[in-house]
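Contents: one structure, followed by commentary.
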Amino acid sequence: MYILIVLVAGSAIYSLLSIFAALRFLATRRPAPSAMEPISILKPLAGLDPGLESNLRTCFEQDYPAFEILFAVRHEDDPSVDVVERLRREYPHIRTRLLITGEPPYANAKVFSLDRMMAAASNDLLVMSDSDIRTGRNLLRTVALEFEDPRLGIATCPYRAVSGPSFWSRIEAIGMNTDFLAGILVARSLEGMHFAVGPTIAARRSALSSIGGFNRLKDYLAEDFVMGKFAAEAGLGVILSAGVVEHHIGSADFADNAAHRLRWTRSTRRSRPWGYAGQLFTMPLPLAIALLAADLSNWPLALAALAVRFIAAYVVSARVLHVNLNWLLLPVEDIAVFCFWIAGFFGNTIIWRGRRYKLHSDGRFELIVHPQPALLIRTGRP
């Protein structure tokens, strides 16, 4: 029981740290940019994400004088091509390019698309953004301001998750808008940013080149994490950007949601094994339940830990991300996160866009190719 007391107390301390870290992030001063450096937006595409046209439209409507947008698809018949062409006709004054990359020669198709787009981009400052992201009109202005610091190499954008109508999508969005960002804010406050987190990252081409380019990232599933890690190890500045974006996560059923969460937990366990184990301190509700099950007399500590946890969830979601939470679903998400955290300790395969991959202990991954059945050829007369 003493171990449970320590764990619950530790979870309460972590919640207090996340409140402090969120307020510290909000207190960061952000003057107006003095220059408008040209920027290249890189958008890897694959199929029709829900709301894709609205997502991409926010790139075209940036309030910024000098930028271009590059899109990349594997094949000309990808359904996202029609969306891109429609937007190009609607915004003819925006400089755009569409690249047909073909099949990637390695497992991480996103990295292959980014590599091809970076080679074709005109500018040194790049904003890499997933297809399910919507941005405010001032994102590029925010990025330009932050990269006036010549020491800066990578900036990772926090995001607010926007769910679809399904139950599993709604509770996952709650977790993203509370615990996920809280973990990033606490890490930033305690040790600085030594990693990056997709789905929107700004970087200098020169910074990427100095860490070995996308060729060094191509075998990692969490290429965003190691991009920031390698940049920090090289002495480049890595920050959490002030530019908050929207991550539209669609409306997955349980099977799809579970596959996504397992992909995330298994990848995180390999990218940051000790950090992954320490995530237990970010789960006060299941710890408090276990403590009460062991001895009901510990209810004051359990109640205090839960109270601080709910305050932390409010500060992160409402103050930083400007999101209204469904408080009745927050405990459900807390239990779901704990279950998937346990599941993340087991298994070494993931499913990503319908394909199965094997994860290695260092965070690299590879496509599992199933052998095709041999073709039986009959000769002679029947």
Side-chain angles (χ1 to χ4, degrees), residues 11-12 14-28 30 49-52 54-55 57-58 61 129-130 132-139 142 156-186 188-189 197-200 240-254 256-257 260-261 264 279 282-286 288 303-340:
S11 71
Y14 171 81
S15 295
L16 288 171
L17 284 174
S18 65
I19 295 171
F20 167 77
L23 296 177
R24 183 180 179 187
F25 176 74
L26 290 171
T28 303
R30 302 177 178 96
D49 291 320
L52 178 64
S54 297
N55 299 344
R57 187 182 299 277
T58 61
E61 295 184 345
S129 180
D130 289 353
D132 53 6
I133 293 299
R134 296 183 193 179
T135 71
R137 289 174 54 85
N138 292 322
L139 176 66
T142 300
T156 184
C157 293
Y159 58 84
R160 68 178 67 90
V162 179
S163 73
S166 78
F167 171 79
W168 295 104
S169 173
R170 290 164 62 196
I171 65 169
E172 183 180 15
I174 290 173
M176 290 181 176
N177 291 331
T178 54
D179 300 331
F180 181 71
L181 180 58
I184 296 173
L185 291 170
V186 170
R188 171 184 179 270
S189 183
V197 178
T200 299
L240 183 63
S241 174
V244 178
V245 300
E246 285 188 355
H247 180 21
H248 288 249
I249 62 177
S251 189
D253 57 18
F254 173 75
D256 289 339
N257 184 262
H260 167 72
R261 290 185 187 241
W264 178 258
Q279 285 182 8
T282 71
M283 305 174 192
L285 179 59
L303 182 63
L306 293 178
V308 179
R309 186 271 184 280
F310 274 75
I311 294 172
Y314 167 78
V315 172
V316 172
S317 62
R319 296 288 303 278
V320 178
L321 295 179
H322 306 289
V323 171
N324 294 320
L325 289 183
N326 184 329
W327 293 98
L328 294 178
L329 291 182
L330 180 59
V332 180
E333 167 62 9
D334 284 352
I335 298 299
V337 165
F338 178 74
C339 293
F340 282 109

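Source: prediction; values computed, not measured. The figures here come from the full heavy-atom set of this structure, side chains too, leaving out hydrogens, waters and symmetry mates.
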Go through the steps for I249 and M176 under the test side-chain contact (heavy atoms from CB on, under 4.5 Å), then give the verdict. CA-CA 10 Å; I249 62 177; M176 290 181 176; 4.0 Å; yes
Would you sort out whether H248 and D49 count as a side-chain contact (heavy atoms from CB on, under 4.5 Å), showing the intermediate values? CA-CA 9 Å; H248 288 249; D49 291 320; over 6 Å; no
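Side chains of T142 and S241 form a contact here, defined as non-hydrogen atoms less than 4.5 Å apart. Taking the side chain as every heavy atom from C-beta outward, V162 and H247 never approach each other to under 4.5 Å. Counting heavy atoms from C-beta on, the side chains of L240 and T156 come closer than 4.5 Å. Counting only heavy atoms from C-beta outward, the side chains of L285 and L306 approach each other to under 4.5 Å.
Counting only distance, with no hydrogens or angles, the side chain of N177 and the backbone of A173 share a donor-acceptor pair below 3.5 Å. Of the possible polar contacts, one joining the R24 side chain to the S189 backbone as a donor-acceptor pair under 3.5 Å is found. Here the side chain of S166 pairs no donor or acceptor atom with the backbone of D253 at under 3.5 angstrom. Distance alone, capped at 3.5 Å, is enough to place a donor-acceptor pair between the R160 side chain and the L321 backbone. Looking only at distances, a side-chain donor or acceptor of T58 sits under 3.5 Å from a matching main-chain atom of T135. No donor-acceptor pair under 3.5 Å is formed between the side chain of T178 and the backbone N or O of A313. Under the 3.5 Å distance criterion, the side-chain polar atoms of S18 are left unmatched by any main-chain donor or acceptor of V186.
Ion pairing between a basic and an acidic side chain is recognised when a charged N comes within 4.0 Å of a carboxylate O; E333 and R261 show such pairing.
Put simply, CG on D179 and CE on M283 are 8.0 Å apart, with the number rounded to the nearest 0.5 Å. Separating the CG atom in L17 from the CG atom in L185 is a distance of 11.5 Å, to the nearest 0.5 Å. Note that the CG atom of N257 and the CZ atom of F340 stand 6.0 Å from one another [nearest 0.5 Å]. Here CG of L330 is found 10.5 Å from CD1 of I335. Values are rounded to the nearest 0.5 Å. In this structure, CG in L329 is found 5.0 Å from CZ in R170, a value given to the nearest 0.5 Å. Between the CZ atom of R309 and the OG atom of S11 there is a distance of 10.0 Å, given to the nearest 0.5 Å.
For T282, the side-chain contact (heavy atoms from CB on, under 4.5 Å) criterion is met by Y14, Q279, not counting sequence neighbours.
Between A312 and S15, the closest heavy-atom pair is CB-O, 3.6 Å. The shortest non-hydrogen separation linking F25 to A242 is CZ-CA, 4.2 Å. Among all heavy-atom pairs drawn from A252 and W168, the shortest one is O-CB, 4.0 Å. In terms of heavy atoms, V320 sits closest to A22 at CG2-CB, 3.9 Å. The minimum heavy-atom distance between A12 and V308, with the atom names listed, is O-CG1, 3.8 Å.
Within a 6.0 Å radius of OH in Y314, other residues, nucleotides and ligands contribute 12 heavy atoms or fewer.
Classification of the F180-W264 ring pair by plane angle, with boundaries at 30° and 60°, yields perpendicular.
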